[in-house]
Amino acid sequence: MAENKLEKIVSLAKRRGFVYPASEIYGGLAGFWDLGPYGAQLAHNIKDLWWNHFVKSHEDMYGIATTAIMPEAVWRASGHLEDFADPMVECKKCEGRFRADQVKDEKKCPECGGKLGNSRQFNLMFKTGEVYLRPEIAQGMFVNFKNVLDTTRAALPFGIAQIGKAYRNEISPRDFLFRVREFDLMEFEYFCREKEWPEHFERWRKEMLSWIASVGIDESMVHEIEVPENDRAHYSKRTVDFEFDYPFGTKELYGLAYRADYDLSRHMKESGVDLRYADPQSGEKFVPHVVEPTFGLGRTILAVLVSAYAEDDFGGEPRTYLKLKPSIAPVKIAVFPLVKNKPDLVKKAREVYQNLRKEFGAVEFDDNGNIGKRYRRQDEIGTPWCVTIDYQTLEDDTVTVRDRDSGKQERFAIKDLETHFLSVLR
Ligand code: GAP
C-alpha cells in the first residue's frame, strides 16, 4: 500500500513535469534526477521560503554562496578524507556494489546470488584531479568565517547560511529523491560562545519544527530522534535527527548537530590562519562553537509530495490532487474560458489572465479540452485556485473561483480578484 503510494507519486511527478530520470534518453543515470518545469518551480519556491524563513528574517544571519569544488586540504581539515565512508561489499561474479549494512546475507549477492567479497570502507567523496566535489556545503561556511567577520558587522552569536549542491558517491542510491548522488542542501552554521550552545540548539530545534509546518510537511509524520554517540558524524557532539514516515519507511529528513569548535579549530591548524573571534568587550580570543541545522531539498520535496498527495471522489469520479501550500505551489492560479470556441469568452479570459500574471507571475491559461479535465490537470499539479470565465462574465464582469481542496466555487467581481488572491496568498 505504502510502496504503491511512492509509485503513484513517482508516476505523477514524471507525467506532470515535476521530476524526470536524469539523462533519460540515454537510459538514465543511477542516483540522479532532473527537475521538470513544475519541479524546478516548486524547488525554487521552497528555497525562497527557506531563505526568507532562516536568512532574511534574522538580523544575525549572513547568506553566502560558495563553490562546489574545493581543494583537498579542506577535506583533510574537515575529517572527510578520513571519515566520510560507508562499508561496501562487492560481488565477485557480477561486480555489483552494495552497502554492507544493507545486504541481508553478508556472503550472497542480492542481485545474482554470487559470492560477496569482504566489507571495506568506501569513501563517498567524488574526486576529480586534486580537488573534490563537496559532500557537504558546510565547509564553504567555515572557510569563509573570517571573510564574513572582516567584511560585515557580524558579532557573536551569528549565523552563515547557504543553499547549494552537494555530491556523494552513494554506493546504493535508492528510493527516488531520498538517496541520490547530487542534491541541494539548505544549511547554516550558527556560531556562538561555548556555554551558549544548548540554548541555541533548542531555539533552532523549535525553528526547524516551525519550518516543517510552514513548508507543508505533515507534522504528524515527523519524529525527532536523539542520535546515539556511535551513530553520529565524526564532527558532532550532539545530533537530533528529524525523521519522516516515507512510504518506504521512517528515515532521516533533516539533522541538527552541535559541531562544537571542531571545524574552525581543524581549519586553523591546516591553513595556519587565525580563525579565533576577538570579544569586542574583553578582547579575549577564542574559537566559536557551532550549531548546525541542515535541510536536504530533495528530501523536502519528497516529504512535501508525500504529505500533499491525496485521492478522493469528486462528482462521482476519482481524482488525485496535491494539497500543496499556496506559498510553494508551482502554479498559484489557472484561468480558463468555459469553452474554447467563443471568441468573447477567450478574449475576456486572456485579459483576466494577463492581469493576474502581472501581480502573481505563476498563473496559467488553459483552454484545452473540457473544463473538468482542465480542473483535474490543475488539481494534480497542486494549483490552489482556478478562475473560470463563463457566459455570466460577459453580462456582469464576475467569474467563478474554484478551490482545489473543497472543489467549491464562489463568484467574484473581476475587479476584486487581485485583492482576494493577495489576501489568501499572504
Ligand atoms: N553539513 C551536515 C551534513 O551534510 P548530513 O546529515 O550528512 O549532514 C544533510 O546531510 C542532509 O542532506 C540530510 O539531513 C538529508 O536531508 C540530505 N541528504 C544527505 N544525503 C543525501 C543523499 N544521498 N540524497 C539526498 N539527500 C541527502
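The chain is numbered in sequence order, starting from 1. One-based numbering, in listed order, for ligands and for the atoms of each.
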Query raised in the report: With a distance cut-off below 6.0 Å to the six-membered ring centre and an angular limit of 45° from the axis, does R319 pair with F314 as a cation-pi contact?
Result: yes
Query raised in the report: Which residue holds the protein heavy atom closest to atom 2 (C) of ligand 1, what is that atom called, and what is the gap in Å?
Result: E292 OE1, 3.1 Å
Query raised in the report: Do the side chain of R374 and the main chain of G369 share a donor and acceptor less than 3.5 angstrom apart?
Result: yes
Query raised in the report: Which residue supplies the protein heavy atom nearest to atom 18 (N) of ligand 1, what is that atom called, and how far is it?
Result: F183 CE1, 3.6 Å
Query - Protein residue, atom and distance nearest to atom 8 (O) of ligand 1, heavy-atom basis - result: Y235 OH, 3.7 Å
Requested in this report: Starting at OG of S119, measure out to CZ of R99 and round the result to the nearest 0.5 Å.
Outcome: 11.0 Å
Query raised in the report: Below 4.0 Å from any atom of ligand 1, is there a heavy atom belonging to F176?
Result: no
Query raised in the report: Short list, please: which atoms of ligand 1 are under 4.0 Å from a heavy atom of A138?
Result: 1 (N)
Requested in this report: Look at the aromatic rings of W211 and F54 and report parallel, tilted or perpendicular, splitting at 30° and 60°.
Outcome: tilted
Query raised in the report: Does F242 have a heavy atom less than 4.0 Å from any atom of ligand 1?
Result: no
Query - For atom 13 (C) of ligand 1, the option (of E170, R299, E252) bearing the nearest heavy atom - result: E252
Query raised in the report: Taking heavy atoms and a distance under 4.0 Å, where does L253 meet ligand 1: side chain, backbone, both or neither?
Result: backbone
Requested in this report: Going by heavy-atom distance to atom 20 (N) of ligand 1, choose the closest among E136, R168, R179, Q139.
Outcome: R168
Query - R238 to Y258 six-membered ring, cation-pi geometry met (6.0 Å, 45°) - result: no
Query raised in the report: Going by atom types only, do D245 and H223 share a side-chain donor-acceptor pair under 3.5 Å?
Result: yes
Query raised in the report: What are the atoms of ligand 1, with element, lying closer than 4.0 Å to any heavy atom of E187?
Result: 1 (N), 2 (C), 3 (C), 4 (O)
**Report entry** Between Y309 and E311, a side-chain donor and acceptor under 3.5 Å
**Finding:** yes
**Report entry** contact_flag R259 ligand 1 heavy-atom lt 4.0 Å
**Finding:** yes
Query raised in the report: At under 4.0 Å between heavy atoms, which part of W33 makes contact with ligand 1: side chain, backbone, both or neither?
Result: neither
Report summary line: Checking heavy atoms under 4.0 Å, the part of Y254 that sits near ligand 1 is backbone
**Report entry** Note: R402-D379 ion pair, threshold 4.0 Å (strictly below)
**Finding:** yes
Query - Gap separating the OG atom of S57 from the CG atom of N52, nearest 0.5 angstrom - result: 7.0 Å
**Report entry** Any N or O of F295 closer than 3.5 Å to N or O of ligand 1
**Finding:** no
